[in-house]
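Only a predicted model underlies this, so the values are computations on that prediction, with no experimental measurement involved.
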Amino acid sequence: MSWTLTADAIGDLARGAAVLGTGGGGDPYIGSLLARQALAEHGPVTVVGLDEVPDDALVLTVAMMGAPTVMVEKLPSLDEVVAPVHALGTYLGRPVTHVACAEIGGVNSTIPVAAAAALGLPLLDADGMGRAFPELQMVLPTLYDVTASPLAFSDEKGNVGVLQTVDNHWTERIARVACVEMGCSVMISGFPMSGSIAREALVGGSLSHSLAIGSGIAEARRAKTDPVAATVERLGGREFYFGKVVDVERATTTGFARGRARIEAPGDTDALELSFQNEHLIAQSGDVTFATTPDLIIVLDAESGEPITTEGLRYGQRVRVVAAPSDPRWHTPEALAMVGPGYFGYDLPSHRFDGTPERRLVEAGA
């Protein structure tokens, strides 16, 4: 079922997507500004469900690639957002029919809104992950043999390029080098898919889900009920820690925001430590592992329920930490080899949102 996305809904969309973004995906406020600008200039966007996409459609994902910490100071323009789509359409020699989110996280949920509005194209109610991940190949379409390339990229200076690579890992490696050279953030468009492949490979309903999460937080605050509890219920997850941020180590290296955050609860002998690479990857306290990638680890403001990104973590914040299930496809052996703890260099099995280790699955590199 199709529906119309207007500027009035952008705040709730960005808030909900920031929850699903697990700390990454970029500053939702910046993406909201860009989306509102595009909607004001070009009118509302039609959002269509996967079941409405024609088999012969040409679907492209649109996203920001780079370190979220950089984007706060290196603001994109609408020209920068649409340039890769134009370049890729020219390269492929056929018109682009639909835009999709590569991930449903922070700015990467709203940049495709801006692209769809500026290009006059429908936006899919879907994304490639159901959350956010730091590397380009970490999308479900990779598991369906959808190639990231040809991949187009652009920067604020007007540089535009198109990559043709042998596989999605090489697309990530080469594009990441270009991204670092172009100021650690670029706009990209890729993963060309037909409508039939998009229906199979994407996570359906993710924009609607984000809107429901974001509006649920706002409604709980208006009703003076607990917005964190409302979010946990909607996600089907659990809240596992409540404390104060006492230390944050963060650095922008090789195009990623990498670091750790330490959260202490009164009376607890072991603090919670969050490890992140753009997104939260591991949540541990002493010998206890609460959750790991690919399930969602989410930090929310203790009172307002607002999601806090990894670049937004600060000393003294009172936060509540939530874990929630990811799309079931992320728990296959092939997916865990791509996004499990072992891929990121952690010598431990993947733990589900309820703390259960997935010992039945063997991860590559673990």
Side-chain angles (χ1 to χ4, degrees), residues 2-21 24-48 60-89 96-127 132 152-160 179 182-189 206-208 210-211 213-215 218 306-307 309 311-312:
S2 64
W3 46 281
T4 301
L5 179 60
T6 64
D8 293 341
I10 292 299
D12 287 338
L13 173 64
R15 181 184 300 110
V19 170
L20 295 175
D27 189 332
Y29 177 69
I30 292 171
S32 297
L33 292 177
L34 195 63
R36 287 191 177 101
Q37 176 193 346
L39 292 168
E41 292 181 10
H42 301 281
V45 165
T46 299
V47 181
V48 299
L60 297 183
T61 62
V62 179
M64 183 275 290
M65 181 183 197
T69 46
V70 171
M71 200 173 184
V72 176
E73 298 181 2
K74 188 172 177 281
L75 301 177
S77 66
L78 281 180
D79 288 342
E80 186 182 349
V81 170
V82 301
V85 182
H86 287 309
L88 203 50
V96 179
T97 63
H98 295 76
V99 171
C101 301
E103 62 182 5
I104 194 72
V107 73
N108 277 337
S109 64
T110 46
I111 280 179
V113 174
L119 294 164
L121 295 176
L123 176 66
L124 296 191
D125 188 3
D127 81 295
F153 56 92
S154 67
D155 67 9
E156 78 284 0
K157 303 175 188 68
N159 295 310
V160 180
C179 174
M182 297 165 84
C184 282
S185 73
V186 292
M187 295 298 129
I188 61 172
S189 182
S206 50
L207 288 177
S208 300
S210 294
L211 270 172
I213 294 168
S215 62
E306 285 291 320
T309 60
E311 72 268 23

For the side chain of [X] and the backbone of [Y], is there at least one donor-acceptor N/O pair under 3.5 Å apart?
X: S154; Y: N159; value: no
X: S109; Y: A17; value: no
X: T46; Y: P122; value: no
X: D12; Y: L211; value: no
X: D79; Y: V82; value: no
X: N108; Y: E103; value: no

Working to the nearest 0.5 Å, report the span between [atom1] of [X] and [atom2] of [Y].
X: R15; Y: I10; atom1: CZ; atom2: CD1; value: 12.0 Å
X: H42; Y: Q37; atom1: NE2; atom2: CD; value: 8.0 Å
X: L5; Y: S208; atom1: CG; atom2: OG; value: 10.0 Å
X: S189; Y: L88; atom1: OG; atom2: CG; value: 5.0 Å
X: T97; Y: L119; atom1: OG1; atom2: CG; value: 11.5 Å

Which atom pair, heavy atoms only, marks the closest approach of [X] to [Y]?
X: P112; Y: V99; result: O-CG1, 3.9 Å
X: M187; Y: P76; result: CE-CB, 3.6 Å
X: L124; Y: H98; result: CD2-CD2, 3.8 Å
X: P44; Y: L39; result: CA-CD2, 3.8 Å
X: S206; Y: D127; result: OG-OD1, 3.0 Å
X: A14; Y: T110; result: CB-CG2, 4.2 Å

Side-chain contact, heavy-atom cut-off 4.5 Å: [X] with [Y]?
X: L13; Y: V113; value: yes
X: I111; Y: L34; value: yes
X: V48; Y: D125; value: no
X: L121; Y: V96; value: yes
X: H86; Y: V160; value: no
X: I188; Y: P84; value: no

